[in-house]
**Q** 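Just passing along the structure, written as structure tokens.
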Amino acid sequence: MKQYGAGGLLRCFDPRPLPGFRLVCFPHAGGTAAFFRRWNSALPASAELLAVQYPGREDRLSDPLPATLGELADSVAGALVPLSTAGLILFGHSMGAALAYEVAQRLERAGRPPQLLVVSGRPAPHRQRVETVHVGGDEAILADLRRLGGTDGSLLDDPALRELVLPSLRADYRLIEDYWPADPLPTLSCAVAGFSAAGDTEASDEEMRAWADVTTGRFDSRVFPGDHFYLREAGPAVVGEAMRLLGHSASATAGWPSTP
């Protein structure tokens, strides 16, 4: 595994020699880079996968937590600029979608725009809902995680494990719930695609289609089966669709595991 950026901000689980492009994945709130580890097998041999490892989790437990989503976006964009000689596709789910959008803005300002931004499971920035879960403290955060169903229940029920992950969860909920885009809404020149799940209560198809307003380039939208955590089962289909939008052919996905 290769790491890039301060603290190993970017993780590459399967480095490729001279990749033609890189798929950069941004996890949901509370998520880790490992969520995307097995997506490598759905990529063509010419592509390399990078995943963002947010501060405050796993081997980054002691790293300082960012004060704002913009601060985190600055760090990620800074780490990506030297890697952008190969084309970049940014993929962000939930909180990661807003972060990927902010990173795309910074890359465009640096003259290194991504080829494609794929946002998933998060309403467009100007259509985002007012959310204040973090104001309710740890119990409200834990209740929301149980409602969404994306976290192992045993992790939430074990006091020791819970105390280990709560600091980063608090930070993530605060970052995304305090986030608001600039006014007027910053627009990108790159292609944008909005991916959603038919049963996702966190982002409707209409809210995802509103991402069309953030780009002067092409916009596409796709709806997959499942709920907010549809990526567990739809990983290969999601990667394949992103590759199709770029005109690439994804590799065979036979034997894809059911969980990330």
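These numbers were taken from a predicted model, which means no experiment stands behind them.
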**Q** Dump the intermediate steps for side chain to side chain contact (heavy atoms under 4.5 Å, CB included) on L169 and L145, then the final yes or no.
**A** CA-CA 10 Å; L169 285 168; L145 290 172; 3.6 Å; yes

**Q** Is the side chain of R22 donor-acceptor paired with the backbone N or O of L50 at a distance under 3.5 Å, no angle test?
**A**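 Not a single qualifying donor-acceptor pair exists.
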
**Q** Which value, rounded to the nearest 0.5 Å, describes the distance between Q3 atom CD and D59 atom CG?
**A**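 Result: 6.0 Å between the selected atoms.
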
**Q** What's the verdict on side chain to side chain contact (heavy atoms under 4.5 Å, CB included) for I89 and V24, showing C-alpha distance, side-chain angles and the deciding distance?
**A** CA-CA 6 Å; I89 305 170; V24 186; over 6 Å; no

**Q** Would you indicate whether the side-chain heavy atoms of L245 and R222 approach each other to under 4.5 Å?
**A**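 Counting from C-beta outward, R222 and L245 do come under 4.5 Å.
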
**Q** With hydrophobic residues grouped by side-chain heavy-atom distances under 4.5 Å, do Y4 and L49 end up in a single group?
**A**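 As far as the 4.5 Å side-chain criterion goes, L49 and Y4 are not connected within one cluster.
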
**Q** Taking NZ, NE, NH1 and NH2 as the nitrogens, is one of them in E58 or R11 under 4.0 Å from a carboxylate oxygen of the other?
**A**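 Here E58 does not pair with R11 in a salt bridge, since their nearest N and O are not under 4.0 Å apart.
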
**Q** Quick one: are V223 and M208 in side-chain contact, heavy atoms under 4.5 Å?
**A**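 Sidechains of M208 and V223: no contact.
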
**Q** Main chain of Q128, side chain of W180: is a donor-acceptor contact present, judged purely on distance under 3.5 Å?
**A**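 Such a contact is absent between W180 side chain and Q128 backbone.
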
**Q** Checking side-chain polar atoms at under 3.5 Å, does Y173 have a donor or acceptor matched by the opposite partner on E131?
**A**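 No, no side-chain donor-acceptor pair sits under 3.5 Å.
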
**Q** If I compare all heavy atoms of L10 with all of A79, which pair ends up nearest, and what's the gap?
**A**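 Looking at all heavy atoms of both residues, the shortest contact is CD1-CB, 3.8 Å.
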
**Q** Do the side chain of E177 and the main chain of V133 share a donor and acceptor less than 3.5 angstrom apart?
**A**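 Yes; at least one donor-acceptor contact below 3.5 Å.
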
**Q** Below 4.5 Å, heavy atoms only, C-beta onward: do P19 and S46 meet side chain to side chain?
**A**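 The answer is no; the side chains never approach within 4.5 Å.
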
**Q** Locate the shortest heavy-atom distance separating R122 from A97; write the atom from each residue and the value.
**A**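 What the structure gives for the nearest pair is CB-CB, 3.7 Å.
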
**Q** Taking it one step at a time, do D144 and L148 satisfy side chain to side chain contact (heavy atoms under 4.5 Å, CB included)?
**A** CA-CA 6 Å; D144 196 56; L148 291 171; 3.9 Å; yes

**Q** Ignoring hydrogens, what is the shortest heavy-atom contact between P125 and Y179? Give both atom names and the distance.
**A**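 Minimum heavy-atom separation between P125 and Y179: CB-OH, 4.3 Å.
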
**Q** If you look at every heavy atom in A77 and R106, which pair is closest and at what distance?
**A**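 Shortest heavy-atom separation between A77 and R106 comes out as CB-CB, 3.7 Å.
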
**Q** State, without any angle test, whether R209 and S221 hold a side-chain donor-acceptor pair at a distance under 3.5 Å.
**A**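 Yes - a donor-acceptor pair under 3.5 Å links their side chains.
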
**Q** With hydrophobic residues grouped by side-chain heavy-atom distances under 4.5 Å, do L188 and V119 end up in a single group?
**A**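 Yes, because L188 and V119 connect within a single hydrophobic cluster, where side-chain heavy atoms sit under 4.5 Å apart.
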
**Q** Could you give the distance from CG (L9) to CD (Q53), rounded to the nearest 0.5 Å?
**A**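 Spacing of CG (L9) from CD (Q53) equals 9.0 Å.
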
**Q** Can you tell me how far CH2 of W211 sits from CZ of F195, rounded to the nearest 0.5 angstrom?
**A**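 Going from the CZ atom of F195 to the CH2 atom of W211 covers 13.5 Å.
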
**Q** Please check if any side-chain donor atom of S120 sits under 3.5 Å from a side-chain acceptor atom of Y230, or the reverse.
**A**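 Yes, because at least one side-chain N or O of S120 sits under 3.5 Å from a partner of the opposite role on Y230.
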
**Q** Quick one: does V214's side chain get under 4.5 Å of F219's, heavy atoms only?
**A**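 A side-chain contact is absent here, since even the closest heavy-atom pair is not under 4.5 Å.
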
**Q** Side chains of E202 and S94: closer than 4.5 Å at any heavy-atom pair?
**A**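 SC-SC contact between E202 and S94 ruled out.
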
**Q** Just by modelled atom types, is the A212 backbone N or O under 3.5 Å from a matching donor or acceptor in the T215 side chain?
**A**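 No; zero donor-acceptor contacts below 3.5 Å.
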
**Q** Is W39 reachable from F21 through a run of hydrophobic residues whose side-chain heavy atoms are each under 4.5 Å from the next?
**A**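 Yes, it is one cluster - the side chains of F21 and W39 are joined through contacts under 4.5 Å.
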
**Q** Is R174 paired with D172 through a side-chain N to carboxylate O contact shorter than 4.0 Å?
**A**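 Looking at D172 and R174, the cut-off is not met.
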
**Q** Do the non-hydrogen side-chain atoms of R170 and I141 ever get within less than 4.5 Å of each other?
**A**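 The answer is yes, as the side chains (C-beta and beyond) meet within the 4.5 Å cut-off.
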
**Q** For L90, run the side-chain contact (heavy atoms from CB on, under 4.5 Å) check against L80, L23, L116, V118 and tell me which one passes.
**A**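 Going through L80, L23, L116, V118 one by one, the side-chain contact (heavy atoms from CB on, under 4.5 Å) with L90 is satisfied by L80 alone.
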
**Q** If hydrophobic clusters are built by linking Ile, Leu, Val, Met, Phe, Trp and Tyr wherever their side-chain heavy atoms come under 4.5 Å apart, do L142 and F229 end up in the same one?
**A**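 L142 and F229: one cluster.
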
**Q** Evaluate the side-chain proximity of D213 to H126: yes if any heavy-atom separation is below 4.5 Å, no if none is.
**A**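 They are in contact (side-chain heavy atoms under 4.5 Å apart), so the answer is yes.
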
**Q** Take R16 and N40 through the test side chain to side chain contact (heavy atoms under 4.5 Å, CB included) and record every step on the way to the result.
**A** CA-CA 10 Å; R16 308 280 171 92; N40 275 305; 4.0 Å; yes

**Q** Counting distance only, does the side-chain N/O of R57 pair as donor-acceptor with the main-chain N or O of G31 below 3.5 Å?
**A**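 Checking the backbone N and O of G31 against the side chain of R57, a donor-acceptor pair under 3.5 Å is found.
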
**Q** Taking CZ in R218 as the centre, count heavy atoms belonging to other residues, nucleotides or ligands within less than 6.0 Å. Is the count above 12?
**A**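 At most 12 heavy atoms, drawn from other residues, nucleotides or ligands, come within 6.0 Å of this atom.
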
**Q** Work out which heavy atom in G78 is nearest to a heavy atom in P82; give both atom names and the distance.
**A**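 Scanning both residues, the minimum pair turns out to be O-CD, 3.3 Å.
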
**Q** Please check if the side chain of T132 supplies one atom and the backbone of V135 the other of a donor-acceptor pair under 3.5 Å.
**A**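 It does not hold such a pair.
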
**Q** Would you compute the distance between atom SG of C190 and atom CD of E108 and round it to the nearest 0.5 angstrom?
**A**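 One gets 5.0 Å once the value is rounded to the nearest 0.5 Å.
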
**Q** Following the transitive rule for hydrophobic clusters with a side-chain heavy-atom cut-off under 4.5 Å over Ile, Leu, Val, Met, Phe, Trp and Tyr, establish whether Y101 and L107 coincide in one cluster.
**A**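 In one cluster: yes.
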
**Q** Testing the 3.5 Å rule here: is there a donor-acceptor pair between the side chains of H228 and T201?
**A**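 No.
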
**Q** Within the distance-only criterion (no hydrogens, no angle test), does the side chain of E163 pair as donor or acceptor with the backbone N or O of P159 below 3.5 angstrom?
**A**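 Side chain of E163 to backbone of P159: no pair is present.
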
**Q** Determine yes or no for a side-chain-to-main-chain donor-acceptor pair under 3.5 angstrom, with R129 supplying the side chain and R127 the backbone.
**A**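 Side chain of R129 to backbone of R127: no pair is present.
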
**Q** What heavy-atom pair brings L65 and P55 nearest, and what distance separates the two atoms?
**A**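 Closest heavy-atom pair between L65 and P55: CD2-O, 3.6 Å.
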
**Q** Within the 4.5 Å heavy-atom criterion, are H28 and H93 side-chain neighbours or not?
**A**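 H28 vs H93: side chains touch.
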
**Q** Quick one: does Y54's side chain have a donor or acceptor within less than 3.5 Å of a partner on P27's backbone?
**A**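 Yes; at least one donor-acceptor contact below 3.5 Å.
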
**Q** Nearest 0.5 Å, please: how far is CG in L83 from NZ in K2?
**A**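 It is 9.5 Å, given to the nearest 0.5 Å.
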
**Q** Would you give the length of the straight line joining atom CD of E207 to atom OG of S196, rounded to the nearest 0.5 angstrom?
**A**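 It comes to 10.0 Å.
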
